[in-house]
Amino acid sequence: QVQLVESGGGLVQAGVSLRLSCAASGRTFRTYAMGWFRQPPGKEREFVAAINWSGGSTYYADSVKGRFTISRDNAENTVYLQMNSLKPEDTAVYYCATGKYYSGSYYPHDYNYWGQGTQVTVSS
């Protein structure tokens, strides 16, 4: 059984930074891609960022490119999302997910395990 536990969310003001963490257990973490998605209030879940199995390739939504950075520590079975210059429109529940494949993907159907989510609220 795969377990993903996100942490690091909170209520912050616009312009500051947060780092989300996602600790994985129960699977060979290092052989699969990982992704971050988010669900803003009243909206569909959307792609944020992904990273391939080795950390050598990363993928970002246009809305976060240049502000967010995804990384992973395979020794610690953890994936991170560094979020800088936060904006009110970044307010959402953030989910991490494990991919079905080695390479990252923009699509939720390419991920098979999901965490419970962590709330990020950015005030203006």
Side-chain angles (χ1 to χ4, degrees):
Q1 177 126 7
V2 175
Q3 288 189 322
L4 300 173
V5 179
E6 301 99 335
S7 61
L11 171 62
V12 297
Q13 290 190 325
V16 304
S17 299
L18 276 178
R19 189 176 80 155
L20 304 183
S21 300
C22 173
S25 62
R27 192 187 192 193
T28 309
F29 175 82
R30 66 188 65 194
T31 60
Y32 294 95
M34 295 292 295
W36 285 97
F37 290 76
R38 66 186 182 187
Q39 187 164 15
K43 297 185 179 180
E44 298 285 319
R45 190 173 298 191
E46 62 186 29
F47 171 78
V48 176
I51 188 166
N52 77 333
W53 69 280
S54 67
S57 296
T58 55
Y59 315 79
Y60 295 97
D62 288 344
S63 59
V64 307
K65 203 171 292 183
R67 298 188 299 122
F68 290 12
T69 303
I70 188 171
S71 61
R72 66 189 298 162
D73 184 340
N74 285 345
E76 296 294 327
N77 285 2
T78 302
V79 63
Y80 302 98
L81 185 67
Q82 178 67 42
M83 305 186 295
N84 298 333
S85 303
L86 281 162
K87 304 176 181 180
E89 50 264 43
D90 294 318
T91 293
V93 178
Y94 283 72
Y95 300 89
C96 70
T98 60
K100 297 178 182 178
Y101 313 111
Y102 295 171
S103 60
S105 170
Y106 298 89
Y107 307 107
H109 62 247
D110 286 330
Y111 296 82
N112 50 7
Y113 295 100
W114 296 78
Q116 293 299 305
T118 185
Q119 177 71 47
V120 173
T121 303
V122 185
S123 63
S124 57

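Because the structure is a prediction, the values reported are computed rather than measured.
What you find for Val48 and Tyr94 is that their closest heavy atoms are CG2-CE2, 4.3 Å. In this structure, Ala14 and Ser124 approach most closely via the heavy-atom pair CB-CA, 4.4 Å. Residues Lys43 and Gln39 share a closest heavy-atom pair of O-NE2, 3.0 Å. Residues Ala49 and Leu81 approach most closely at CB-CD1, 4.1 Å, considering heavy atoms. When every heavy atom of Ala92 is checked against every heavy atom of Arg38, the shortest pair comes out as CB-CB, 3.7 Å. Smallest separation of non-hydrogen atoms from Ile70 and Met34: CD1-O, 4.1 Å.
Ring geometry for Phe37 against Tyr111 counts as perpendicular: the plane angle is over 60°, on a 0 to 90° scale with 30° as the lower cut. By the 30° and 60° cut-offs, the orientation of the rings of Trp53 relative to Tyr102 is tilted.
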Using the side-chain contact (heavy atoms from CB on, under 4.5 Å) rule, take Tyr95 and Leu4 through it: C-alpha gap first, then chi angles, then the decisive distance, then the call.
CA-CA 9 Å; Tyr95 300 89; Leu4 300 173; over 6 Å; no
Applying side-chain contact (heavy atoms from CB on, under 4.5 Å), run through Asp90 and Met83 and close with a yes or a no.
CA-CA 9 Å; Asp90 294 318; Met83 305 186 295; over 6 Å; no
side-chain contact (heavy atoms from CB on, under 4.5 Å), that's the test. Do Val122 and Glu89 meet it? Break it down for me.
CA-CA 8 Å; Val122 185; Glu89 50 264 43; over 6 Å; no
Between Val2 and Asn112, is the side-chain contact (heavy atoms from CB on, under 4.5 Å) condition met? List the steps.
CA-CA 10 Å; Val2 175; Asn112 50 7; over 6 Å; no
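Judged purely by atom type and a 3.5 angstrom limit, Gln116 has no side-chain atom pairing as donor or acceptor with the backbone of Val5. Although no hydrogens or angles enter the test, the distance criterion places a donor-acceptor pair under 3.5 Å between the side chain of Lys100 and the main chain of His109. In this structure, the side chain of Arg45 does not engage the main chain of Pro108 through any donor-acceptor pair within 3.5 Å. A donor-acceptor distance shorter than 3.5 angstrom exists from the side chain of Glu6 to the backbone of Cys96, with no hydrogens or angles considered.
When hydrophobic clusters are built by joining Ile, Leu, Val, Met, Phe, Trp and Tyr residues whose side-chain heavy atoms come closer than 4.5 Å, directly or via intermediates, Leu11 is not grouped with Leu18. Transitive grouping of hydrophobic side chains (ILVMFWY, heavy atoms separated by less than 4.5 Å) brings Val64 and Val79 into a common cluster. Taken together through direct or relayed side-chain contacts under 4.5 Å among Ile, Leu, Val, Met, Phe, Trp and Tyr, Tyr32 and Tyr101 form parts of separate hydrophobic clusters. Tyr106 and Phe68 fall into different hydrophobic clusters, defined by Ile, Leu, Val, Met, Phe, Trp and Tyr side-chain heavy atoms under 4.5 Å apart, directly or through other members. Under a hydrophobic clustering in which Ile, Leu, Val, Met, Phe, Trp and Tyr are joined whenever their side-chain heavy atoms come within less than 4.5 Å, directly or via other members, Tyr80 and Tyr113 fall into different clusters.
Crowding of Gln119 atom CD: a count of heavy atoms from other residues, nucleotides or ligands under 6.0 Å exceeding 12.
For Lys65 and Asp62, the salt-bridge test passes: some basic side-chain N is under 4.0 Å from an acidic carboxylate O.
Between the side chains of Asn52 and Ser103, no donor-acceptor pair of N or O atoms lies under 3.5 Å.
Under the 4.5 Å side-chain criterion, counting only non-hydrogen atoms from C-beta, Arg72 is not in contact with Thr78.
With values rounded to the nearest 0.5 angstrom, Arg30 atom CZ is found 10.5 Å from Glu76 atom CD. Here Phe47 contributes atom CZ and Asp110 contributes atom CG; the two are 10.5 Å apart, rounded to the nearest 0.5 Å.
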